[in-house]
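Source: prediction; values computed, not measured. These numbers come from the heavy atoms of this one structure, side chains and all, not from hydrogens, waters or symmetry mates.
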Amino acid sequence: MSLKVLCDRILSDGRSIEGVILKVDKFINHQMDPYMMKQVAVEFIRRFSDLQVNKIVTVEASGIAPSIMLGYMMELPVVFAKKKLPSTMQDAYVTTVHSFTKQSDTQLMISREYLTADDHVLFVDDFLAYGNAALAICDLCRQAGATVEGMGFIIEKEMLHGRELLQKEGISRIESLAIVDSLENNTIHIKED
């Protein structure tokens with residue numbers, strides 16, 4: 001079930017670029033709409049209410065806003081995988097992720113202090129496209145011995161098959177609030193419920 005207000009906003013303020021990129025920086029990943037983030041968090045709480053999680057994990061930077069709102073509402077800590085190793089982080093789990101949007105590889109890292117075998121993780125991000133960022137989080141959690149209980153995405157680009165990749169990796173709980181099934185001809189098409 002799509003979040004109607006989100007779908008309407010994608011159609012009114014989103015833009016398709018080259019049939020692959022969905023630009024939603026007017027309300028999700030550059031300028032942010034806090035009210036929309038609250039609605040996103042409420043819907044994620046509804047969809048994942050049966051899971052026992054003690055930590056929310058995301059990737060900087062676009063996943064931070066929805067994760068913080070969700071963490072606030074669920075009263076859970078939020079950890080984001082950093083893209084640059086700060087001098088204050090002495091001991092970290094590290095993995096590499098490929099960005100098809102930027103056509104480059106980036107290292108992601110989480111301090112061993114903030115991700116442990118005791119953690120039951122809900123991963124939250126703005127997009128599910130090819131699934132590479134989510135797979136990188138799976139790798140970091142595997143290194144820590146943490147359990148990924150579920151993954152939530154604001155928007156899924158279904159035609160890029162990221163969900164299938166995650167399911168092959170053993171992730172069974174994947175929730176996307178809006179599923180875009182085509183960006184052909186620079187037209188956004190959202191999958192109906």
### Query
Could you give the distance from CD1 (I110) to CG (L140), rounded to the nearest 0.5 Å?
5.0 Å

### Any donor-acceptor N/O pair, N186 side chain to E18 backbone, under 3.5 Å
yes

### F48 with V57, same ILVMFWY side-chain cluster at under 4.5 Å
no

### Task
Can you measure from NZ (K157) to OG (S176) and round to the nearest 0.5 angstrom?
12.5 Å

### Message
If we ignore hydrogens and angles and just use 3.5 Å, is the side chain of T106 paired with the main-chain N or O of K83 as donor and acceptor?
### Response
no

### Task
Nearest 0.5 Å please: distance from the CG atom of L6 over to the CE atom of M36.
5.5 Å

### Query
Would I28 and M37 count as a side-chain contact (heavy atoms from CB on, under 4.5 Å) if you check the C-alpha gap in whole Å, the side-chain angles of each, and the deciding distance to 0.1 Å?
CA-CA 8 Å; I28 291 180; M37 289 301 140; 4.1 Å; yes

### Check: N54 and D119 side chains under 4.5 Å, non-hydrogen atoms
yes

## Note on the structure
In short, G131 meets L166 closest at the heavy-atom pair O-CD2, 4.0 Å

### Query
Hey, any chance V97 and I137 share a hydrophobic cluster, counting ILVMFWY side chains that come within less than 4.5 Å of each other, even indirectly?
yes

### Message
As an exercise, state the distance from CD1 of I179 to CD of E156, rounded to the nearest 0.5 Å.
### Response
4.5 Å

### Task
Say whether F27 and L70 are linked into one hydrophobic cluster, either directly or through other cluster members, by side-chain heavy-atom distances under 4.5 angstrom.
yes

### Query
How far does CG of L22 sit from CG of L183, to the nearest 0.5 angstrom?
5.5 Å

### CD/E60: more than 12 non-hydrogen atoms of other groups inside 6.0 Å
yes

### Task
Please answer whether the main-chain N or O of H98 pairs with a side-chain N or O of N132 as donor and acceptor at a distance below 3.5 Å.
yes

## Note on the structure
Note: M69 and P34 closest approach over all heavy atoms is CE-O, 3.8 Å

### Task
Step by step, work out the side-chain contact (heavy atoms from CB on, under 4.5 Å) result for V24 and D126.
CA-CA 10 Å; V24 289; D126 58 342; 6.0 Å; no

### Query
Are the side chain of T58 and the backbone N or O of V124 linked by a donor-acceptor pair below 3.5 Å?
yes

#### Entry: Considering all heavy atoms, the nearest Q31-K26 contact
NE2-O, 2.9 Å

### Query
Rounded to the nearest 0.5 Å, how far does CE of M159 lie from NZ of K191?
12.0 Å

### Query
Does Y114 offer a backbone N or O that forms a donor-acceptor pair with the side chain of K55 under 3.5 Å?
yes

Going by atom type alone, with no hydrogens or angles, which donor-acceptor pairs under 3.5 Å involve a side-chain atom of residues 142-151 and a protein atom two or more places apart or on another chain?
residue, atom, partner, partner atom, Å
R142, NH1, E169, OE2, 3.4
R142, NH2, E169, OE2, 3.4
Q143, NE2, V94, O, 3.0
Q143, NE2, D139, OD2, 3.1
E149, OE2, H120, ND1, 2.7

### Message
Has R15 got a side-chain atom pairing as donor or acceptor with D25's backbone, closer than 3.5 angstrom?
### Response
no

### Task
Decide yes or no on side-chain contact (heavy atoms from CB on, under 4.5 Å) for S182 and T187, but give the supporting numbers first.
CA-CA 8 Å; S182 174; T187 301; over 6 Å; no

### Query
Do you know which two heavy atoms are closest between P66 and V40, and how far apart they sit?
CB-CG1, 4.4 Å

### Query
Is a donor on one side and an acceptor on the other found under 3.5 Å between the side chain of R163 and the backbone of I174?
yes

### Message
How close do L122 and G152 get, counting heavy atoms only, and between which atoms?
### Response
CD1-N, 4.4 Å

### Query
Is there a chain of hydrophobic side chains (I, L, V, M, F, W, Y, each step under 4.5 Å between heavy atoms) that links M74 to F80?
yes

### Within one Ile-Leu-Val-Met-Phe-Trp-Tyr cluster: F127 and L135, side-chain cutoff 4.5 Å
no

